[in-house]
Structures are given as structure tokens and as C-alpha cells.
There are 2 protein chains.
Amino acid sequence: MSRTLAKTNYTDEEQQIAAFAKALGHPVRIQIVKLLNSQSCCHTGDLTDVIPLAQSTISQHLKALKEAGLIQGEILPPKVKYCIHKANWEKAEALFQGLFNL
Amino acid sequence: MSRTLAKTNYTDEEQQIAAFAKALGHPVRIQIVKLLNSQSCCHTGDLTDVIPLAQSTISQHLKALKEAGLIQGEILPPKVKYCIHKANWEKAEALFQGLFNL
DNA sequence: ATAGTTTATCGTGAAAAAACGATGATTAAC
DNA sequence: GTTAATCATCGTTTTTTCACGATAAACTAT
């Protein structure tokens with residue numbers, strides 16, 4: 001079976017750092033992670049108060065950050081508490097540091 | 001005149017780091033900046049040898065990195081020599097460092 | 001002048017991102 | 001059981017990204 005005719009040929013590290021970078025590639029998401037870092041955590045509602053975007057839009061951005069692994073959400077009915085995913089955050093930090101200190 | 005009904009309200013810093021992150025948000029572009037950092041500089045042709053993508057596609061990615069300010073190109077006919085834009089690279093480094101050390 | 005090399009740009013198509021309103025799901029409080 | 005609150009998901013539209021081939025631009029070398 002011939003699959004992947006066009007080889008991808010990126011290292012895991014390259015893909016990982018690109019994924020982190022992509023997740024941080026929007027000013028709203030920068031705002032969000034900065035907020036989550038300053039306060040230890042916060043709810044979606046807190047964000048909709050601060051950010052002039054529709055609630056559904058903010059939810060989408062949170063999903064993007066979550067899928068990249070940079071944040072995590074704890075369901076705490078009827079709210080959801082979002083926090084930085086510390087382990088992955090530090091992983092991202094290390095990757096960027098490695099990239100810039102070549 | 002009413003313009004900008006939906007206020008943007010991002011700081012320059014947030015926009016700047018998001019722009020840098022966005023430019024780094026693709027594995028090929030990570031590969032490219034890594035290459036440009038290891039060798040001091042290189043030509044587009046060198047990249048097309050290493051990366052299995054069409055020449056026009058690579059040129060597009062170089063353009064994205066250039067517009068973000070992370071690299072610069074010196075026309076050296078008939079070739080173009082690409083290098084890291086050192087000042088902006090260090091600016092990006094500082095911004096990411098600031099983001100991660102909150 | 002002709003031909004060759006190198007790179008950017010144009011035009012296109014497919015896929016993903018960004019934004020919104022509306023709807024659903026879940027739980028708390030009454 | 002109704003109602004209110006909180007958040008995610010769905011469906012949609014618009015814009016942007018990614019990739020390609022083809023063409024154009026610029027300079028070398030013959």
C-alpha cells in the first residue's frame with residue numbers, strides 16, 4: 001500500500017514546538033494565557049467580561065489552547081475552571097528556549 | 001465617523017508576540033529558522049534541496065517569516081541569501097521569555 | 001542575443017481558522 | 001419540575017493558510 005507519497009519528515013520536536021507556537025499565534029490566546037498565569041486560574045465567564053468577543057468564540061479559543069495542551073479545564077458545575085497546564089507549559093518554555101539559543 | 005465598532009484592545013506587545021508565534025506556527029518554518037541558525041545563512045535553493053515541497057511553497061513560507069521580521073533576505077544575484085534577523089530574533093526571544101516567566 | 005539559473009509572484013483549489021448566533025447539556029436554586 | 005446560570009457544540013459565513021504549477025523578473029554566461 002502506498003501512502004504518504006509526500007513525506008512529512010518533521011521531527012517530533014519540530015511538530016511540537018510548531019503546535020505550541022500556532023496555539024499562541026493569536027492575540028486573544030496570548031491574553032488568555034497571560035490572565036491564567038497572573039491569576040492562578042479562572043472561569044470562562046471571567047474571560048467574557050474582559051474580552052469583547054462572543055462567548056462561543058472565546059470557548060473556541062479555549063479549546064484551541066486545550067488541544068495544544070497549554071491549558072486544562074476542570075469541570076466544577078456549573079462552571080469550568082481553567083488553568084495553565086504546568087507540565088506542558090514548562091515543556092513549551094524549554095522548547096522555545098532551545099530554539100532561541102541555537 | 002464611527003469606525004472600529006468592535007474594539008480590538010490588544011496591547012502592542014500582545015500583538016507582537018502573537019505575530020511571532022504565528023510565524024513559527026508551522027513545522028516547515030521551524031525547520032527553516034533552525035537551518036538559518038545553524039548555518040549562518042543560506043539560499044532558497046539550499047532549502048528546496050532539503051525540504052520536499054515545491055519551490056513556490058518554500059518561497060511563501062520565507063515570505064511569511066520575512067513579514068514577521070524573523071528573517072531577512074539579501075539579494076545577491078541571481079541568488080538571495082537569507083539570514084535570521086538578529087535584532088528581531090532577540091526581541092522575540094525576550095517576549096517569549098517574558099511570557100513564560102510570569 | 002540566447003540560453004540558463006535562481007527566485008518571486010500569480011492564479012487556483014482545498015482545507016483550516018475565526019467569528020457569530022442559536023441551540024443543547026448540565027447543574028444549582030427555587 | 002421550572003427556571004436560571006454556565007459553558008460547549010452546531011451550523012454558517014468570511015477570511016486566511018497551505019500547497020501546487022505556471023509564469024515572470026533579474027542577472028550570468030555563453
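Keep in mind that the numbers below use all heavy atoms, side chains included, and drop hydrogens, waters and symmetry copies. Lettering of chains follows the sequences in order, A, B, ..., and the numbering in each one begins at 1.
Classification of the Phe100(B)-Trp89(A) ring pair by plane angle, with boundaries at 30° and 60°, yields tilted. Taking the six-membered ring where the residue is Trp, Phe96(A) and Phe96(B) present parallel rings, their angle staying beneath 30° rather than reaching 60°.
The distance between atom CG of Leu47(A) and atom P of dT6(D), rounded to the nearest whole Å, is 13 Å. To the nearest angstrom, P of dA18(C) lies 13 Å from NZ of Lys63(A). The separation between Arg29(B) atom CZ and dT16(D) atom C1' is 12 Å, rounded to whole Å. Atom CG of Asp49(B) and atom C1' of dT7(C) are 14 Å apart (whole Å).
Along DNA chain D, the nucleotide closest to Ser56(B) and the one closest to Lys66(A) are compared, and the more 5′ of them pairs with Lys66(A).
The environment of CD1 in Ile75(B) is sparse: at most 12 heavy-atom neighbours from other residues, nucleotides or ligands sit within 6.0 Å. Asn101(A) CG: more than 12 foreign heavy atoms inside a 6.0 Å radius.
With dC20(C), dC18(D), dT9(D) as the choices, the nucleotide that has an atom nearest any side-chain atom of Ser59(A) turns out to be dT9(D). In this structure, the nucleotide among dT7(C), dA19(D), dA19(C) sitting nearest to the side chain of Thr57(A) is dA19(C). Minimum atom distance to the side chain of His26(A) is reached by dA19(C), of the listed dC18(D), dA19(C), dG21(D).
For dA8(D), its base never sits under 3.5 Å from the side chain of Gln60(A) at any donor and acceptor pair.
Side-chain nitrogen and oxygen atoms of His61(A) include none within less than 4.0 Å of the OP1 or OP2 phosphate oxygen of dA17(C).
Using a 4.0 Å heavy-atom criterion, one finds that Lys22(A) contacts the sugar-phosphate atoms exclusively. If you check every strand for non-hydrogen atoms under 4.0 Å, Ile75(A) touches nothing. At a threshold of 4.0 angstrom between heavy atoms, the contacts of Lys81(A) with the nucleic acid are absent.
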